[in-house]
K.L.:
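The structure under discussion is supplied below as structure tokens; questions concerning it will follow.
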Amino acid sequence: MIVPLRDAVSELVRDGDVVALEGFTHLIPSAAGHELVRQGRKDLTLIRMTPDVIYDQLIGMGCARKLVFSWGGNPGVGSLHRLRDAVENGWPRPLELEEHSHAGMAAAYAAGAANLPFGVLRGYRGGDLPSRTRVGVVVCPFTGEALAAVPAHRPDVGIVHAQQADRHGNVQLWGIAGVQKETVLASKRSIVTVEEIVDELEPRPNGVVLPSWTISAVAHVRGGAHPSYAAGYYDRDNEFYVAWDPVSRDRGTFLAWMKRHVLDTADVEEYRASLAEEATAA
Amino acid sequence: MIVPLRDAVSELVRDGDVVALEGFTHLIPSAAGHELVRQGRKDLTLIRMTPDVIYDQLIGMGCARKLVFSWGGNPGVGSLHRLRDAVENGWPRPLELEEHSHAGMAAAYAAGAANLPFGVLRGYRGGDLPSRTRVGVVVCPFTGEALAAVPAHRPDVGIVHAQQADRHGNVQLWGIAGVQKETVLASKRSIVTVEEIVDELEPRPNGVVLPSWTISAVAHVRGGAHPSYAAGYYDRDNEFYVAWDPVSRDRGTFLAWMKRHVLDTADVEEYRASLAEEATAA
Amino acid sequence: MTTNGDRPYTADEMMAVEAARRLDDTTVCFVGIGLPSLAANLARRTHAPGCTLIYESGTIGAKPVRLPLSIGDGELAETADAVVSVPEMFAYWLQGRRIDVGFLGAAQIDRYGNLNSTVIGDYEHPTVRLPGGGGAPEIALGVDDVFVMLRQSPRTFVEQLDFTTSLGDNVRVVVTDLGILEPRHGELTLVAVHPGSTVEQARAATGWDLQVADEMRETVPPTDEELAALRALETKGRS
Amino acid sequence: MTTNGDRPYTADEMMAVEAARRLDDTTVCFVGIGLPSLAANLARRTHAPGCTLIYESGTIGAKPVRLPLSIGDGELAETADAVVSVPEMFAYWLQGRRIDVGFLGAAQIDRYGNLNSTVIGDYEHPTVRLPGGGGAPEIALGVDDVFVMLRQSPRTFVEQLDFTTSLGDNVRVVVTDLGILEPRHGELTLVAVHPGSTVEQARAATGWDLQVADEMRETVPPTDEELAALRALETKGRS
């Protein structure tokens, strides 16, 4: 149940899989994303409401053939240059887009968790998005009103980061919870990385508990949400997001950065050491 | 915002309204139900997943013309005799039934809270229930699968009981939360009775917070969930449920009981005193 | 009252023990109040400590010490791994097909395992208005294995249900006070009788022509350990 | 840089102040990062302490001391009245029509208040791939009043959107660095200019033939109190 991240990724994620890494600003599973890069996963369909730095990295390293998303940017900073390069120039490979609204993505995850084939919402009305995405119509049998239907997300693998697991692999996260519960419950297989393994989970305000039997593998990855944050453990590395902008603008700079900090590091500990070394040198 | 229960009921509940009193075993808003009886509300459509003693009382006192429900019994004891008498014999007046499954009721509340006209579920398949209730079909635009649709609950008034409110009328309940959040959010108007008014709500594990601006009125009603329980305040009065069986079997006994403990009492304090007096006398 | 050699036990205890034996350490089960709750808690306190108990009030992984009297007792929430809302319970957990076993009771059962917990008599003009389906219709189709626990009599085991509340498609076993029925060739068939009961009694207590398996077993009576665990639960439940 | 007599202020500050003035003590508003967050927090710290701030990360009634840098900053959760999941936020709260005001920005706006935050150029072969709609499509139709905050230029105020991300039906005001636009006779019309700006500048910065209201107002410049509150927020945000 509790395994090294490397083993979890190699056993549970296959080339061509539909993979969702979720975490809404908080608890973004970056270390797991880096492990996908290290293991050279390719042809992935990546789902995520808010693709940010970690998806920029996965896309720039050519891991993805398709992106399903609702907002793709560097929050508070600007563009994701690797995402843009893939969409605008097909580099390093063309990237198919399936674009939704936040409300649609959230409804699609909730439908997946509930084992329904679609989610219903008042949305996708007017504008150009409906003609560019997968959306259908259902009609209320009582009122005759037409509503939008989005196809449920049912990822092959759902990956999230949480604060704690106990030794049996029961997981608790707290604070802003995003769509993480839905991501795990909607997925065929799931990986949860955690900051800490504890003897017993203490119930918390705004706590979300996922019993071990809903999860395929738990990996202990301290700092695994960097550069996002883990409430109670560490703050958001706002400077990293700002620094990502120049790194990611240039293909060569980006590739060198990824080689140095991801490909040439074995795990999150080495990744952190590598970033610290660079900061000291600068 | 924080008003006497009597005023909340007289201002917010009208004859003929659709009223939902919710609380799944825990935090049942009995005192508010008694106030409906005292004020002689009639022709109500009463919604509740698990009509138990308080609905037996409302039905036996002739307040309801229709019941929308999924399980109507005295939990762990047996039948609700007043409900049965209304359905089987039309006493004190005929009671129309709209009967659902728990899953259907829950989906109907969730749809109401989400401002959707219907809820979707895999349910109402086969058996005799579908032909006896309000259920429709929606077809998945992606897979062609047919699913059940239940009409959203949109009560005129939703009534729940919670542990605490702060002085601004923000409410927190914790423990088993049932469908109370959905009931308040699905209703046009809402009343929340609380055990205690506190200076500040302290975030709790499994806490559900309803901001004051989602609630029409909050009333301070200590013990307002009796005979059910309020986690952190008092336990379930299991003996009361057992004792209700003989009281409710006979029309005369029932009416005498209601007169003594509800109609002839002004509020929950007097109700409690009246029960205590009877227990001492016995 | 029968005995296991040493100790006498009741029919309810035999039923609880037989149901508990069918749960294992990894079973996730949806539990109602009464015999199902007794059975599931017994399993958790004997051979299946890892068995996960889910009550429809939203408590996942409840570990009550006392036997709960309602599906929403405070102790269920206090001892649970997680507490979720009722809409989430039915949507994400039951409909999400995360639950292996669901227990159901009823007022009537037919040979296909269909159950009636709605009315006796006509729906519009019932002789007896029963509580209704509650969670049963979706539990019956939403778990892999439905276990029914029901005392056997011609009034409950009927040729024709007065109302079909839930379907029998996933009913794997019916544990009665007389024996065990399992589906064989499309209908419930007597496969075991409890010590002290006979095939004839079971057939007489069934409102249809009850089929009997070629190889009839006799149920193993409750062991001392099972009875001790059961009574510890029951005693605490009453206190 | 303009001054209110005493103090100089920036165009961003003028925009934040003008948006803040439109919120009152009972407003429930859906806030994005940047200028909207600055405006809503300014309102809460000046004339509208009871204004409820909702961030799409699920924080309801957030009361940040520092200006958040992301919509999911930890401080938003720590100071919120309630934290809900993202599916609940969009279903029960936004779609539930509990939110009065929603702020939107965009890369392009047309005269009807329709917004583009998706692409510049063709969708399949864009010149610039923008982040996308995020919450905007449903915010635009799910709140009573949409406030748009957007710097005015012929590149952003366009005759024809490259892509319509969200509809302008509920846009009540567009606050720009030059003035205020409101819908009149079915199209956005200049109703006020900020001190130091002119109607001519606003028309020149608009890609369509901008209509001008008969009665033009000049915006009241930020007061000392507003500027002090604003800068306290900004300073803390940078620390």
K.L.:
Which atoms of C:V128 are under 4.5 Å from chain B, going by heavy atoms: the side chain, the backbone, both sets, or neither?
P.N.:
both
K.L.:
Is NZ or CZ of C:R22 both nearer than 6.0 Å to the six-membered ring centre of C:F147 and within 45° of the ring axis?
P.N.:
no
K.L.:
Where on C:E78 is there a heavy atom nearer than 4.5 Å to chain B: the side chain, the backbone, both, or neither?
P.N.:
neither
K.L.:
Which bit of C:T127 comes within less than 4.5 Å of chain B, counting heavy atoms only: side chain, backbone, both or neither?
P.N.:
backbone
K.L.:
Quick check on the interface: out of C:A77, C:G132, C:P131, who has the most heavy-atom pairs with chain B under 4.5 Å?
P.N.:
C:P131
K.L.:
Restricting to non-hydrogen atoms, name the atom on C:A16 and the atom on C:L35 that form the minimum distance, rounded to 0.1 Å.
P.N.:
CB-CD2, 4.4 Å
K.L.:
Against chain C, label B:M105 side chain, backbone, both or neither, depending on which of its atoms sit under 4.5 Å from a heavy atom there.
P.N.:
neither
K.L.:
Could you tell me which of B:W174, B:Y241, B:F69 has the largest number of non-hydrogen atom pairs under 4.5 Å with chain C?
P.N.:
B:F69
K.L.:
Against chain C, label B:A231 side chain, backbone, both or neither, depending on which of its atoms sit under 4.5 Å from a heavy atom there.
P.N.:
neither
K.L.:
If we define contacts as heavy-atom pairs under 4.5 Å, which of C:G134, C:S85, C:S70 has the most with chain B?
P.N.:
C:G134
K.L.:
Check whether the side chains of C:Q152 and C:T176 place a donor and an acceptor atom closer than 3.5 Å, and report yes or no.
P.N.:
yes
K.L.:
Applying ring-ring contact (aromatic ring centres under 6.0 Å, His included), name anything that partners B:H226, two or more places apart in sequence or on another chain.
P.N.:
B:F240, B:Y271
K.L.:
What residue in B:H26, B:K181, B:E99, B:R236 has the most heavy-atom pairs under 4.5 Å with chain C?
P.N.:
B:E99
K.L.:
Decide, yes or no, whether a salt bridge links C:K63 with C:D81 under the criterion of side-chain N to carboxylate O below 4.0 Å.
P.N.:
yes
K.L.:
Go through the atoms of C:S166 and report whether side chain, backbone, both or neither lie under 4.5 Å from a heavy atom of chain B.
P.N.:
neither
K.L.:
What option among B:G119, B:G123, B:A107, B:G178 has the most heavy-atom pairs under 4.5 Å with chain C?
P.N.:
B:G178
K.L.:
Answer yes or no: are there more than 12 heavy-atom neighbours, outside B:R132 itself, under 6.0 Å from its atom CZ?
P.N.:
yes
K.L.:
Between C:S57, C:A140, C:G142, C:G34, which shows the greatest number of heavy-atom pairs under 4.5 Å with chain B?
P.N.:
C:S57
K.L.:
Which residue out of B:G73, B:G127, B:G175 racks up the most heavy-atom pairs below 4.5 Å with chain C?
P.N.:
B:G127
K.L.:
What is the ring orientation for B:Y124 with B:H100, classed by angle as parallel under 30°, tilted 30 to 60°, or perpendicular over 60°?
P.N.:
perpendicular
K.L.:
Is it the side chain or the backbone of C:P137 that comes within 4.5 Å of chain B heavy atoms, both, or neither?
P.N.:
side chain
K.L.:
Is a donor from one side chain sitting under 3.5 angstrom from an acceptor on the other, for B:D56 and B:W244?
P.N.:
yes
K.L.:
Is B:R125 salt-bridged to C:E138, cutoff N-O under 4.0 Å?
P.N.:
no
K.L.:
Distance only, no hydrogens: is a donor on one side chain within 3.5 Å (strictly under) of an acceptor on the other, for B:H161 and B:Q180?
P.N.:
no
K.L.:
Would you please name every residue forming a ring-ring contact (aromatic ring centres under 6.0 Å, His included) with B:Y55, sequence neighbours left out?
P.N.:
none
K.L.:
Under 4.5 Å from any heavy atom of chain C, what part of B:R122 do you find: side chain, backbone, both or neither?
P.N.:
both
K.L.:
Please state whether the side chain, the backbone, both or neither of B:Y109 comes within less than 4.5 Å of a heavy atom of chain C.
P.N.:
neither
K.L.:
Quick one: what part of C:D73 sits under 4.5 Å from any heavy atom of chain B, side chain, backbone, both or neither?
P.N.:
both
